[in-house]
Colleague: 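Right, I'll just put the structure down here and ask away after.
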Amino acid sequence: MKKIMLIVFMICLSFVSLAKVDVSKIYGRIKIVNSFSDYKVKVVNSFPDLKVQKVNAFANSVGKWQIVDSFPDYKIQIVDSFPDFTIQYVSSFPGINH
């Protein structure tokens, strides 16, 4: 019985690790939506997965988001629970929080 429980636990753990989002690829033209999003994101004040700087142009590196209404690279839904990853808005030094 313990062996079966260990196997089930390992399988569940592997699914959790597969669900991790590579936030280093989330930059560019971003549209904020209420449904049908690519990712669900929670805005936090500390310890984010990604530090985001809103820019008006040249959103061409990790953490730089140009908020748009049309032709987005990604559609993001802001949520309070069960996010795919967390962000913190910053005015400088965007990127992955190490």
Side-chain angles (χ1 to χ4, degrees):
M1 184 67 176
K2 287 184 181 181
K3 195 172 193 178
I4 293 172
M5 293 295 284
L6 181 61
I7 291 169
V8 170
F9 177 74
M10 294 303 287
I11 291 171
C12 290
L13 192 59
S14 68
F15 283 118
V16 169
S17 64
L18 289 175
K20 190 72 174 157
V21 176
D22 183 5
V23 295
S24 68
K25 298 183 190 306
I26 312 297
Y27 62 88
R29 297 171 54 85
I30 307 295
K31 182 175 182 177
I32 306 298
V33 297
N34 292 323
S35 58
F36 305 109
S37 62
D38 296 318
Y39 298 104
K40 295 181 179 181
V41 174
K42 181 176 183 176
V43 179
V44 296
N45 292 322
S46 58
F47 305 111
D49 296 318
L50 180 66
K51 291 183 179 179
V52 171
Q53 180 181 11
K54 291 182 183 178
V55 296
N56 293 324
F58 306 110
N60 55 5
S61 62
V62 179
K64 291 189 176 182
W65 289 12
Q66 180 181 0
I67 306 300
V68 297
D69 290 325
S70 57
F71 306 110
D73 296 321
Y74 297 99
K75 293 177 280 181
I76 300 293
Q77 180 179 357
I78 305 298
V79 296
D80 290 326
S81 55
F82 305 111
D84 295 318
F85 61 95
T86 59
I87 65 168
Q88 177 183 5
Y89 289 116
V90 295
S91 57
S92 58
F93 305 112
I96 298 172
N97 193 23
H98 294 287

Colleague: Might you point out which heavy atoms bring V62 and S24 nearest each other, and give the distance in Å?
Modeller: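 Closest pair (atom of V62, atom of S24, distance): CG2-O, 3.3 Å.
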Colleague: What is the distance from atom CD1 of I30 to atom NZ of K75, rounded to the nearest 0.5 Å?
Modeller: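 That separation rounds to 11.5 Å.
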Colleague: Any chance you could lay out the side-chain contact (heavy atoms from CB on, under 4.5 Å) test for V41 and V79, step after step, and finish with the verdict?
Modeller: CA-CA 6 Å; V41 174; V79 296; 5.9 Å; no
Colleague: Do V68 and V55 belong to the same hydrophobic cluster, where Ile, Leu, Val, Met, Phe, Trp and Tyr are linked whenever their side-chain heavy atoms lie under 4.5 Å apart, directly or via other members?
Modeller: no
Colleague: Assess the residue pair S37 and I76 against the criterion (side-chain contact (heavy atoms from CB on, under 4.5 Å)); give the C-alpha distance rounded to whole Å, side-chain angles, the decisive distance to 0.1 Å, and a yes or no.
Modeller: CA-CA 5 Å; S37 62; I76 300 293; 5.9 Å; no
Colleague: Would you mind listing every side chain to side chain donor-acceptor pair (under 3.5 Å) that reaches into residues 43-69, with sequence neighbours excluded?
Modeller: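 Non-adjacent pairs meeting side chain to side chain donor-acceptor pair (under 3.5 Å): D49-T86.
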Colleague: Who are the ring-ring contact (aromatic ring centres under 6.0 Å, His included) partners of F85, not counting sequence neighbours?
Modeller: Y39
Colleague: Could you tell me which non-hydrogen atom of P94 sits nearest to which non-hydrogen atom of G63, and how far apart they are?
Modeller: CB-O, 3.6 Å
Colleague: Kindly compute the distance separating CD1 (I26) from CG (D38), expressed to the nearest 0.5 Å.
Modeller: 8.0 Å
Colleague: Please list all pairs meeting salt bridge (charged side-chain N to carboxylate O under 4.0 Å, His left out) that have one or both residues in residues 24-37, counting only residues at least two apart or in different chains.
Modeller: D22-K25
Colleague: Can you tell me how far CD of Q77 sits from CD1 of I32, rounded to the nearest 0.5 angstrom?
Modeller: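 Between atom CD1 of I32 and atom CD of Q77 there are 10.0 Å.
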Colleague: Enter the distance from I78:CD1 to K40:NZ here, rounded to the nearest 0.5 Å.
Modeller: 12.0 Å
Colleague: Are I87 and I67 connected, step by step, through hydrophobic side chains (Ile, Leu, Val, Met, Phe, Trp, Tyr) whose heavy atoms are closer than 4.5 Å?
Modeller: yes
